[in-house]
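Everything below concerns the one structure shown next.
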Amino acid sequence: MAAPKLPPLPADKGVWDDHAIDRRGFLEAAFGVLAGMGALLVAVPGVRFLVGNSLDVTATKWVELPIKVADLAPGVMAQMSYNADETDEWRAVVQRGIVYVSSPDGGNTFSVLDGTCTHLGCIVQWDQDKNEFVCPCHSGRFTHAGEVISGPPPRRLRQMATKVQDGSLFIEI
Amino acid sequence: MNRIFEWVDERTGLSGPVRDFLNYPIPKYVHRNFLYTLGGLTLITFMLQAVTGILLAFYYDPSTEEGAYDSVDYINYQLPLGWLIRGLHHYGSSAMVILVSLHMLRTYYFSAYKKPRELNWLTGVLLFFLVLSFGFTGYLLPWDQKGYWATKVGTEIAGSVPFIGSFIMHMMRGGDALGQATLSRFYAGHILLLPASVALLIVIHIFQLRHHGMAPAITTKAQAQSKTFVPFFPHWVLNDTLAGLGLLALLVYMTWANHAPLGFPADPTSNNFVPRPEWYFMFYFQLLKYFPGALEPVATILIPLFLFGSMILLPFVDLSEERRPWRKPVTTLVSIFYIVVIIVFTILGMAAYA
């Protein structure tokens, strides 16, 4: 593509260097390539830098709940918070969460439900009278087993893996 | 004085362009109509947000473990005039959303988006969404319950986009969960990326406005005044200045009467806190309730996409020459429908959480 002609300079100023002007197209292309390379040299590492460790998958781990299996009363839905040591970027923090623990037979079999609503991540509340979970954000409702009754949640409440060690209940987060 | 001015002008060559800018002819129908101050008023509010924001940054500590919350608490309750600066920034953000919306409605009803001003409408739409992004990122910064949960819900909405949702959500949060990475990202976006983008777009927006001049008058009374002009400075600037002072007085009064709120510190385990967004996102928050299960993406993606898309496409769809809103019932009725829907769902949302 030929570069468009330059308007003539005012007579008292001087003239364009025709020899240099002939190379204008080449110089424009050279600028495009070099500037593009420079931009890419900044942009590629820049984007990688921005992504950072965002996409890392956190390894699961076992966390002890603050209750002994023997203390679980049959048919009671117990709300419990757990604490897990976690590293948030450079800082050691305590990650906390809410689970609902129930045991129909008083300590032989358990159900531990993640209290996080599957709709948009609010914490659900247990309504003892109605025997169901209610999300305070958008009124999603779940049965005591965590199945969706009504409202916007797309999935049931997450059932967490459990194990018992020395009479203590552990969950996998 | 004059000699100093001439000395500077000889070395900078600024007086010509500045004089042209200030002497720009404004039609009398524009000068006489206070609705045309809405754009300038938005710019004044942006300047107020920039000044108060820079001041707040001198004290704010963007770290999750007490730093952010305690520094905002300190600004709000112990720092001399901290309540005023944070209050102006807090209420100023609401003013910004209201003024941008009114400015857009004015442009809409005066058909000022029509040829050849399509791109000016588009930079305006972009600025509108940047203002909403300002609101969304700024909401998290105090790291209180409101900000934490609104951000949790907001990023989950982004996460429900098919295929790329999870990637977007992780990029917004800077990881799997809300934490330090999220706060750092929102802070950098709020104080560096967004202000720089908005400032650049405002320059383009105003440059385009100057290039095309004001859109034609729509009433016969205004058309009769379209051949008479006043200079931009001081006549028009004084209008904006008076409106700006009025707004500042209102914001100071609101801040004085009701200090900017600060909730309890963010607590990921609380289930007695009912998350709710800032009032201008309330209608959308309420809308999310009506789309169960598989229909969720309708509310989280299709509706925002449709709203944003129709705003972008407006000047390319409405191609008629007609500029009077009472003669083009389709666009007028559509806008009234949207306004009614937004008001109704805002009221429903407010009532549900009152």
Side-chain angles (χ1 to χ4, degrees), chain A residues 47-60 79-84 86-100 114-127 133-142 147-156 173, chain B residues 63-65 67 148-160 166-185 188 193 266-277 285-300 349 352-353:
Chain A
V47 168
R48 182 63 193 90
F49 177 84
L50 258 189
V51 173
N53 299 321
S54 305
L55 306 179
D56 288 0
V57 180
T58 329
T60 59
Q79 178 193 320
M80 249 162 242
S81 61
Y82 62 81
N83 299 322
E86 198 65 69
T87 310
D88 184 5
E89 296 205 310
W90 64 91
R91 184 184 291 132
V93 294
V94 178
Q95 186 199 339
R96 293 176 300 161
I98 291 273
V99 291
Y100 287 94
D114 187 349
T116 309
C117 181
T118 53
H119 179 218
L120 295 172
C122 304
I123 304 278
V124 297
Q125 297 166 1
W126 172 248
D127 186 333
F133 293 102
V134 184
C135 179
C137 283
H138 301 102
S139 317
R141 288 157 65 229
F142 304 87
E147 300 292 344
V148 179
I149 301 172
S150 68
R155 291 179 305 280
R156 52 158 296 136
I173 60 164
Chain B
S63 55
T64 53
E65 298 284 294
Y148 179 89
W149 288 101
T151 305
K152 177 138 193 190
V153 171
T155 48
E156 292 265 352
I157 289 173
S160 72
S166 168
F167 174 76
I168 297 175
M169 188 180 88
H170 280 83
M171 284 300 288
M172 286 171 88
R173 290 182 176 177
D176 220 16
L178 248 61
Q180 181 59 50
T182 322
L183 186 59
S184 299
R185 270 159 196 253
L193 193 60
D267 177 4
T269 58
S270 73
N271 73 346
N272 52 11
F273 178 78
V274 181
R276 51 187 300 182
F285 190 74
Q286 179 69 17
L287 263 178
L288 290 175
K289 284 185 191 170
Y290 304 101
F291 295 89
L295 287 177
E296 194 199 348
V298 173
T300 54
Y353 299 100

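Scope of the values below: all heavy atoms of this structure, side chains included, with no hydrogens, waters or symmetry mates. Everything numeric here is computed off the predicted structure, so don't read it as measured data.
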So which of A:R91, A:H119, A:Q125 has the biggest tally of heavy-atom pairs under 4.5 Å with chain B? A:R91
Considering non-hydrogen atoms only, spot the tightest contact between B:T269 and A:S81 and give its length. CG2-CB, 4.4 Å
What is the minimum heavy-atom distance between B:H170 and A:S54, and which atoms define it? CD2-O, 3.2 Å
Pairs of heavy atoms under 4.5 Å with chain A: top-ranked of B:G174, B:S270, B:G179: B:G174
Which atoms of B:F285 come close to chain A, meaning under 4.5 Å heavy atom to heavy atom: side chain ones, backbone ones, both, or neither? both
Evaluate the side-chain proximity of B:W149 to A:I123: yes if any heavy-atom separation is below 4.5 Å, no if none is. yes
If one checks every heavy atom of A:E86 against chain B at 4.5 Å, the contacting part turns out to be neither
Are there more than 12 heavy atoms of other residues, nucleotides or ligands under 6.0 Å from atom CG of A:N53? no
Among B:G154, B:P268, B:A299, residue most engaged with chain A (heavy-atom pairs, under 4.5 Å): B:P268
Shortest non-hydrogen pair, A:P136 vs B:V274, comes out as O-CG1, 3.6 Å
Please give me the minimum heavy-atom distance between A:C137 and B:K289, naming the atom from each residue. O-CE, 3.6 Å
Kindly indicate whether the side chain of A:V57, heavy atoms from C-beta on, has any atom under 4.5 Å from the side chain of B:D176. no
Ignoring hydrogens and angles, write down the donor-acceptor pairs under 3.5 Å from the side chains of residues 92-100 of chain A, residues two or more places apart or on other chains.
| unit_1 | atom_1 | unit_2 | atom_2 | d |
| --- | --- | --- | --- | --- |
| A:R96 | NH2 | B:D267 | OD1 | 3.4 |
| A:Y100 | OH | A:V124 | O | 2.6 |
| A:Y100 | OH | B:N271 | ND2 | 3.0 |

Check each atom of B:R173 against the heavy atoms of chain A and say whether the ones under 4.5 Å are side chain, backbone, both or neither. neither
Specify which of B:G159, B:S63, B:S184 makes the most heavy-atom pairs with chain A at under 4.5 Å. B:S63
Mind listing the closest non-hydrogen atom pair of B:Q180 and A:W90 along with its distance? CG-CH2, 3.3 Å
Over all atoms of both residues, closest heavy-atom pair of B:A181 and A:D88: N-OD1, 4.0 Å
Mind checking side-chain hydrogen bond (donor to acceptor under 3.5 Å, both in side chains) for B:S160 and listing every partner two or more places apart, or none if nothing turns up? B:T300
A:T118 portion near chain B, given a 4.5 angstrom heavy-atom threshold: neither
